[in-house]
Number of protein chains: 2
Amino acid sequence: MFDLQVKLHQIKPLDRAIMEETQVHLDDLTKPPGSLGVMEEIARCIAGITGKVKPQIRRKTSILMAADHGVVDEGVSAYPSVVTAQMVLNFLNGGAAINVLSRHVGAELAVMDVGVASDLPDHPSLWKKKVAYGTRNMVREAAMTRAQALEAIKNGYDLAEHFINGGTELIGTGEMGIGNTTASTALLVHFAGVPVNDVVGRGTGIDDERLKLKIKAIEAALQHHKPPLDDPLEALARIGGLEIAGLVGVFLACAVKRVPAIVDGFISAAAALVASRLHPHLRDYLLASHLSEEPGHRLMLELIGIRPVLHMKMRLGEGTGAALAMNIIEASLKILNEMATFSSAGVSGTLEDGGVTQSP
Amino acid sequence: MFDLQVKLHQIKPLDRAIMEETQVHLDDLTKPPGSLGVMEEIARCIAGITGKVKPQIRRKTSILMAADHGVVDEGVSAYPSVVTAQMVLNFLNGGAAINVLSRHVGAELAVMDVGVASDLPDHPSLWKKKVAYGTRNMVREAAMTRAQALEAIKNGYDLAEHFINGGTELIGTGEMGIGNTTASTALLVHFAGVPVNDVVGRGTGIDDERLKLKIKAIEAALQHHKPPLDDPLEALARIGGLEIAGLVGVFLACAVKRVPAIVDGFISAAAALVASRLHPHLRDYLLASHLSEEPGHRLMLELIGIRPVLHMKMRLGEGTGAALAMNIIEASLKILNEMATFSSAGVSGTLEDGGVTQSP
């Protein structure tokens, strides 16, 4: 049996002693202290996550959760729901952006149907764990029952655990679900307490008319449900999505199993926001990848407490930004593992340190 | 004979017709139009540079220019000049950050001694093209003669041309030179017409006392030389550096030979700023990599007219940010070359397009 509370209790703080050891080594490398900026922060963070002074990444996985959204009935998206299933087939055939980028960075790609509105064929890269044929329309009723949200979390948890047990040392997160910027915006508005207008965006690129419908749908759903702020799971169930719940499970597994997880765009960040509200230490296991063009993403990442390294005006999702970030994260660990130290390279310290010149 | 004016006349605008063809293909890929943001801009830009609708990168090179600075006599750096030569040896031994990152992204590394203050040993990765044993102290006299600046530009041009003729399709730029943030800041202040205080930074990490000396030195040099604004070469000679001039030559060769060049941190950007003032189309051949922690970098990139993709608080130089960006640039071209199209993948268009659902 999957018990959320039991899992949450297994999350521990980062290993600060190991992080200090890693910092000492970083400061001994042939560069001015701190001059590699966020690369050094990433190395130190992953040391604290893994409990290893010089961690490495030998296997990495992009996990992509797919599901549909009843709120699409309100006319909030430029694409019909059927595109979710069509894009899953595109993922399985290797033709989508996340396929190209996962291959590029050497990550395996796992896709989970946790709530697509139609049946999908068997495929070795597809985990068929459908909780429902899409959520219900949150404007009229709760998107999911609490039990459905928990089941989707469990499915995500199990998938991440499967790969971690198989040796994965870095997990990227992505999603596909027509209508899911609407659900994610609703979650952001709920947790941030800001007006919908301040954070709503055009998702896949909707026009002014659909944007009005989207704002109206989000406002109506929040008005209808008024989810309690101290119960993130209830908010997730009422105004979230099955793929968002699945990603909550992925983040949870990473924190429990002490594996770094990469947050991608707006929807992945919505899941990370919900997950970070479930346990105060969970966010320490998350690394941000890019700053999305979706206007609410910046606030979402700030609420989680993570900072993106890529500023590329991307707004595709799928885990594309997370895949790009994998290369930077690996680079950060190679800096830690492969650079020469001042003494081994015969490089002088600063003038303030005495400026000892060792003739090479 | 190297004739700068002849080379400048060979720079042509980007191929707009090819860029439009590339755009049509980008819009047919299975993603909302424009949703990969800067990745799409990079792909389109390299199409325009190379004149190929679907360009590829099969070989890439990090070019690192090293030289010393007479202005170090003013106490502007935390490290002694001897560190420049020591770090070059570190590059040749493979232990520096740029070695780790070049290996990580699969780029070869070429180092040029264009003005290091001491003699260096022979090494297959070291191009020995010393113009002088460092610049003169720009506070008291011109850092270089115009002829020296031109010779350094020629050396950089020749090195880039050598690799381009050998098949390199992407060049990253980096540098090593104790004191070179002082020269670069002087160039920025000169071209931007801003107060030194607004843009000066701590370089490798100097304390308040050295920062005061640095500001004083830059102000004194600018006061002494008053380089003419319409003669970028003269400014480069009087207040620049030999490695900066070498990088100007690299950027020039990339524009003439139509190969994309990646601008790295503050010093590389100073060279790009000078180069972009030599010819109005030169900047079209430049891609920015990261936004440095050095405060003047943002303004410098704005003056050039390029936008960084990585925000990582790095301030090391060496070409480290450019190396990281190589992976992103390659990813952008793989998107263009490897993604499925809507029709080939059987994915529906938008509802506005008619939303034709093609059963896969």
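Residue numbers begin at 1 in each chain, while the letters A, B, ... track the order of the sequences.
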Could you measure the distance from the [atom1] atom of [X] to the [atom2] atom of [Y]? Nearest 0.5 Å is fine.
X: K334(B); Y: N99(A); atom1: NZ; atom2: CG; result: 13.0 Å
X: R307(A); Y: M312(B); atom1: CZ; atom2: CE; result: 10.0 Å
X: E293(B); Y: L36(A); atom1: CD; atom2: CG; result: 12.0 Å
X: T30(B); Y: L89(A); atom1: OG1; atom2: CG; result: 12.0 Å
X: M339(B); Y: I98(A); atom1: CE; atom2: CD1; result: 10.5 Å
X: E338(B); Y: R103(A); atom1: CD; atom2: CZ; result: 5.0 Å

Just so I understand: if I count every heavy-atom pair under 4.5 Å between each of [options] and chain A, which residue has the most?
options: E318(B), H290(B), M87(B); answer: M87(B)
options: I42(B), N337(B), L316(B); answer: L316(B)
options: A97(B), G205(B), A96(B); answer: A97(B)
options: A340(B), S35(B), S118(B); answer: S35(B)

Is it the backbone or the side chain of [X] that comes under 4.5 Å from a heavy atom of chain A, or both, or neither?
X: V309(B); result: both
X: P308(B); result: backbone
X: I335(B); result: both

Answer key: most heavy-atom pairs under 4.5 Å with chain B among R315(A), K313(A), M314(A) is R315(A)
Among the options G95(A), S344(A), G37(A), G94(A), pick out the one with the most heavy-atom pairs lying under 4.5 Å from chain B.
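If we count pairs closer than 4.5 Å to chain B, G95(A) comes out on top.
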Atom CZ of residue position R59(A) - does it have more than 12 heavy atoms of other residues, nucleotides or ligands inside 6.0 Å?
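Check passes, neighbour count above 12.
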Who in residues 319-326 of chain B is close to chain A, using a strict under-4.5 Å heavy-atom cut-off?
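Counting heavy atoms that sit under 4.5 Å from chain A, the residues of residues 319-326 of chain B involved are T320(B), L324(B).
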Would you mind listing every salt bridge (charged side-chain N to carboxylate O under 4.0 Å, His left out) that reaches into residues 26-40 of chain B, with sequence neighbours excluded?
K31(B)-E40(B)
Using every non-hydrogen atom in the two residues, find where A331(A) and H104(B) come nearest and quote the distance to one decimal.
CB-CD2, 3.4 Å
Do you know which two heavy atoms are closest between P33(A) and Y79(B), and how far apart they sit?
CD-OH, 3.9 Å
Given side chains that start at C-beta, do those of E330(A) and N327(B) come closer than 4.5 Å, heavy atoms only?
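Of all side-chain heavy-atom pairs linking N327(B) with E330(A), none is under 4.5 Å.
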Taking side chain as C-beta onward, heavy atoms only, is M39(B) less than 4.5 Å from L101(A)?
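When only atoms from C-beta onward are counted, L101(A) and M39(B) do touch, with a gap below 4.5 Å.
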